[in-house]
Amino acid sequence: LKSGTSMAVPNVAGATAIAAQYFKSGRWTDKVELDGTTMRALIINSARHPFGSKSPDIIYGHGFVDFSSVLPLENDFGIQISEQNEKRPSITENGHLVAEIDVKSNKVPLQVTLSYLDVMLNQESPIPLTHDLDLVVVSPDGVIYRGDHCVNGTQFLSTNEKVIVDETELKAGIYKVHVYAHSFLDSLLSKEDVRQEFSTVATGDIENKYMSFGESDVSPCPESDPEHPGFCKCKEDEIGPICQAKIYPHNADEKIEVTVPPLQLYRMKIKASKPIKYISANYSDFRKTPTIWISKECHMSMGQYDFNAKVASNKELPIITLINDTSLTEFCAALFTYSDQPRDYSLLFSTEEYIPPPTPTASKSPMPTKSRRPTETEIPETETETPAPVTKTATSIITPTSDVMPTSDSKDDDKEYKKLKRIIIIMLACMAVVFLALIIVIVILLVKWNPCKCRKVNNSETIATYKESLLGNDF
């Protein structure tokens with residue numbers, strides 16, 4: 001049974017060609033050549049997770065491609081896509097767009113997918129997205145479905161989001177598709193308003209047509225934020241366009257220990273009785289390096305925070321993060337778990353000035369003299385100096401770029417590289433020994449076993465046998 005990306009790539013490529021031909025042939029409501037983001041949204045919209053999960057994971061993603069759920073060859077369901085080419089929808093920074101979908105029945109599930117191409121960042125940047133868009137679908141009775149069905153917050157690591165409404169919870173009526181935009185990191189680099197294009201695909205018992213988006217100042221919540229039209233009015237411990245992100249309060253006067261789910265951003269509101277000078281942080285894994293993000297206010301995207309730094313593993317000394325604002329007694333700290341498993345974090349906040357450890361200096365030993373050797377009673381008792389413990393130097397984080405992030409795991413990388421090199425050398429040596437032993441065994445078998453079945457004969461007997469085989473016994 002063949003599997004893996006070598007089989008997945010030709011399978012998806014062939015299915016994509018069939019889908020492109022379907023829309024170009026005019027079997028849909030219009031003859032159209034799909035752009036790249038719409039085709040990607042179409043592929044993701046067709047995917048089915050092998051375990052029925054509505055949220056993607058790092059193993060199966062959104063699932064296996066099944067184009068029978070997005071190409072209505074027998075007209076038993078419908079498909080809607082966003083406008084193409086110059087009519088493609090786009091959204092501004094902190095913008096809000098809405099489209100409506102009329103669902104006729106619940107005989108097939110409703111699936112909506114958002115896809116866009118993000119502006120490329122520096123490959124060493126810890127910020128995953130420059131333009132972060134969120135997908136929200138609201139049912140006729142006000143039930144809110146978040147993109148990728150995220151539990152706390154929204155999808156901030158991917159440019160693709162999907163909502164699935166099963167037949168059991170699907171109701172006939174008007175469903176509203178909301179697209180929200182957060183702050184754009186490159187908005188300050190342009191004098192004009194930066195816009196982000198996107199594509200959407202929806203399938204279900206709906207009409208075949210284009211999806212039409214328009215600006216809206218109406219939020220999907222019962223109460224809207226008067227300062228941000230189209231956004232929900234959130235509580236003190238919530239943020240986001242629909243108040244989807246939770247903020248957890250913590251006291252900086254005590255040690256903070258929390259467990260963060262995989263690939264999620266855990267936001268904390270830190271309060272202290274005195275101004276915080278520095279933070280020391282550890283976590284329970286040594287394979288991946290998570291990050292801590294600091295700002296006076298909590299934000300949805302990591303790129304909106306003022307400072308960032310790495311977090312050390314429990315096998316290392318804690319990484320010291322200096323706070324430049326000496327009057328800071330209340331701020332927000334966010335932890336991001338770069339792992340497929342939950343991880344434990346330990347944070348310590350200090351209100352005292354950070355004093356770097358003294359750098360040990362090499363002292364020259366005194367030159368021996370030619371004086372007589374003292375006796376045991378004449379040897380003076382001297383106190384031995386205890387060497388100062390070696391700790392990491394403090395790293396001041398004053399900009400939200402990765403240039404100031406400490407490289408505490410470089411030594412671990414060297415150790416891992418040397419360990420891997422030794423393993424490869426040992427494996428090659430073992431293979432060479434096995435190969436040599438195999439050659440020796442083959443030689444021994446050839447010596448003991450005579451494949452020709454020959455025996456020693458004299459010349460006259462050999463000639464007589466040869467003549468008999470050629471001319472017969474009557475010769």
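In what follows, every heavy atom counts, from backbone to side chain, and hydrogens, waters and symmetry copies are set aside. Counting from 1, the numbers follow the sequence of the chain as shown.
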Heavy-atom count check: over 12 atoms from other residues, nucleotides or ligands less than 6.0 Å from [X] [atom1]?
X      : atom1 : value
Glu297 : CD    : no
Tyr210 : OH    : yes
Lys176 : NZ    : no

Per the side chain to side chain donor-acceptor pair (under 3.5 Å) rule, which among Thr37, Asn160, Thr200 passes with Ser115?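 By the side chain to side chain donor-acceptor pair (under 3.5 Å) criterion, Ser115 pairs with just one of Thr37, Asn160, Thr200: Asn160.
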
Is any side-chain heavy atom of Asp57 less than 4.5 Å from a side-chain heavy atom of His49?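 The answer is yes; the side chains approach within 4.5 Å.
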
Check step by step if salt bridge (Lys or Arg N to Asp or Glu O under 4.0 Å) holds for Glu257 and Lys255. CA-CA 7 Å; Glu257 295 182 346; Lys255 183 179 181 180; 3.4 Å; yes

Electrostatic pair [X]:[Y] at N-O distance under 4.0 angstrom:
X      : Y      : answer
Glu169 : Lys54  : yes
Glu83  : Arg88  : no
Lys209 : Asp30  : no
Asp306 : Lys296 : no

Polar side chain donor-acceptor pair, [X] to [Y], under 3.5 angstrom:
X      : Y      : result
Asp205 : Ser105 : yes
Trp293 : Ser295 : no
Asp66  : Ser69  : no
Asn106 : Glu167 : no
Asp186 : Thr130 : no
Asn208 : Thr29  : no
Ser183 : Gln304 : yes

Pairs touching residues 116-231 that satisfy disulfide bond (SG atoms under 2.5 Å apart), sequence neighbours left out: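 Counting only pairs at least two positions apart or across chains, the disulfide bond (SG atoms under 2.5 Å apart) contacts touching residues 116-231 are Cys221-Cys232.
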
Can you list every pair that meets disulfide bond (SG atoms under 2.5 Å apart) and has a residue in residues 180-218, with sequence neighbours left out?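 Qualifying pairs, neighbours excluded: none.
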
For Phe67 and Tyr22, what are the C-alpha separation, side-chain angles and deciding distance, and is it a ring pair (Phe, Tyr, Trp, His ring centres under 6.0 Å)? CA-CA 11 Å; Phe67 269 28; Tyr22 171 83; over 10 Å; no

List the residues meeting side-chain hydrogen bond (donor to acceptor under 3.5 Å, both in side chains) with Arg27, not counting sequence neighbours, and say none if there are none.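 side-chain hydrogen bond (donor to acceptor under 3.5 Å, both in side chains) check on Arg27 returns nothing, list empty.
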
Quick one: ring-ring contact (aromatic ring centres under 6.0 Å, His included) pairs with a partner in residues 109-141, sequence neighbours left out?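 Applying ring-ring contact (aromatic ring centres under 6.0 Å, His included) to every pair that reaches into residues 109-141, excluding sequence neighbours, yields His131-Phe184.
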
Steps toward side-chain contact (heavy atoms from CB on, under 4.5 Å) verdict (Gln84, Thr38): CA-CA 8 Å; Gln84 301 293 294; Thr38 304; 3.0 Å; yes

With sequence neighbours left out, what residues match His62 under ring-ring contact (aromatic ring centres under 6.0 Å, His included)?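 His62: no ring-ring contact (aromatic ring centres under 6.0 Å, His included) contacts found.
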
If you look only at pairs with a residue in residues 227-252, which of them pass as a side chain to side chain donor-acceptor pair (under 3.5 Å), with sequence neighbours excluded?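 Every pair satisfying side chain to side chain donor-acceptor pair (under 3.5 Å) with a residue in residues 227-252: Glu223-Lys233, Asp225-His228, Asp237-Lys246, His250-Tyr266.
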
List the steps and the verdict of salt bridge (Lys or Arg N to Asp or Glu O under 4.0 Å) for Asp148 and Lys162. CA-CA 5 Å; Asp148 287 341; Lys162 181 179 178 181; over 6 Å; no

